[in-house]
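In this text the structure is predicted, and so the values were computed from the model without any measurement.
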Amino acid sequence: MARRPTIVDVAREAGVSKGLVSLALNDRPGVNAGTRERIQQIATDIGWRPNPAARGLTNRRAYALGLVVRRDPRIIETDPFFAAFIAGLETVLSDRGQVLVLSLVADQDAEERAYRTLAADARVDGFIVTDLLADDPRIDLITTLGVQAVTLGQPDVPTSFPAVLRDYAPGIAELVRYLVDLGHVRIAHVSGTDTMLHGHERRQLFVHAVRGEGAEPLVVPTDFSPEQGAAATTELLDLPAHERPTAIVYGNDPMAIAGMSVAQQRGLRIPDDLSVTGLDGSQIGRLVHPALTTLDNDPAEWGRIVASTLLDLVDGTAPVDRTLTPAGLIVRGSTGAPPTR
């Protein structure tokens with residue numbers, strides 16, 4: 001069949017009315033189980049697919065979810081978390097006949113315009129909110145717009161939206177304890193920006209874990225970019241020998257990889273002279289040499305659970321927070337005992 005099959009074609013093949021086909025394909029009552037199954041099988045056999053535009057006119061749905069990201073493009077293009085996260089989203093969206101509307105914006109004003117435009121034009125049924133901020137204004141904005149949303153992490157402001165959560169406390173505590181057991185005393189953290197809740201949380205968990213081991217933490221804040229990760233590494237390695245860390249925990253894997261490069265350019269051997277870890281669990285960490293010790297974060301899992309949670313919410317399910325498996329330690333080749341000299 002050269003043209004796209006319609007429900008008229010399905011009805012003709014099944015020998016039933018167009019109305020009965022519509023009920024069967026939309027899982028509505030009034031069709032016995034055997035007939036419904038036969039119609040659905042015929043639809044599959046002839047290549048019928050639902051038309052999102054037609055469905056949208058019927059039930060006022062866009063069959064799309066919105067993701068507005070306010071970050072410097074150079075950070076996005078080097079951060080494998082977002083690629084894996086979007087891949088996880090698409091796994092669910094394509095399976096359920098939905099699409100993702102992605103908008104990358106430069107500042108807060110552009111971000112607000114993007115949310116307002118997508119909502120006003122009814123181009124999305126809900127928003128995926130990432131990179132939560134302290135006193136995040138987006139929660140109130142999306143609530144005012146009357147659109148559903150799911151957040152990655154728990155906002156620090158009142159919210160009616162469900163959150164998808166992962167506990168990093170056990171993993172960061174396990175990571176610090178592992179480094180201490182190897183013999184490290186001077187452990188530094190190249191953190192992300194404190195304005196992002198997950199950056200602030202990881203920093204606080206690191207500080208708590210290091211102090212719990214009887215040491216004093218050393219923290220260098222950054223914007224999560226590899227460039228600032230590299231600059232922070234240079235700053236730490238320029239410290240006097242008695243203050244210089246023997247292990248560095250980076251706020252994300254791209255910064256850790258940039259830090260490894262800086263250390264290796266200085267002639268340092270990893271992990272013999274310096275141990276390095278990330279926190280993202282990205283696949284690229286397995287491919288560098290030595291492979292990167294990190295936490296099991298699984299960005300694709302984030303995407304799958306976030307997409308299914310938001311679609312369920314749009315379909316009328318009551319909002320329910322979902323908790324992922326806690327982030328656990330993945331030991332690879334970038335960590336070892338500190339140098340003896």
Without hydrogens or angle criteria, can the side chains of [X] and [Y] be said to hold a donor-acceptor pair below 3.5 Å?
X: R38; Y: Q41; value: no
X: Y250; Y: T233; value: yes
X: Y168; Y: N297; value: yes
X: T317; Y: D315; value: no

Is the ring pair F82/F85 parallel, tilted or perpendicular, if the boundaries are 30 and 60 degrees?
perpendicular

Once you measure the plane-to-plane angle for Y115 and F127, does it fall in the parallel (<30°), tilted (30-60°) or perpendicular (>60°) bin?
perpendicular

Identify whether the distance between the nearest side-chain nitrogen and carboxylate oxygen of R304 and D95 falls below 4.0 Å.
no

Establish, for the pair R203 and F206, whether the NZ or CZ atom is under 6.0 angstrom from the six-membered ring centre and no further than 45 degrees off its axis.
no

Distance-only, no hydrogens or angles: does the Q40 side chain make a donor-acceptor pair with backbone N or O of A24 under 3.5 Å?
yes

Check whether any side-chain heavy atom of [X] lies under 4.5 Å from a side-chain heavy atom of [Y], and answer yes or no.
X: D238; Y: R266; result: yes
X: Q98; Y: R61; result: yes
X: S191; Y: R202; result: no

Does atom CD of Q204 have more than 12 heavy-atom neighbours, drawn from other residues, nucleotides or ligands, at distances under 6.0 Å?
yes

Report, as yes or no, whether the 6.0 Å neighbourhood of atom CZ on R286 holds more than 12 heavy atoms from other residues, nucleotides or ligands.
no

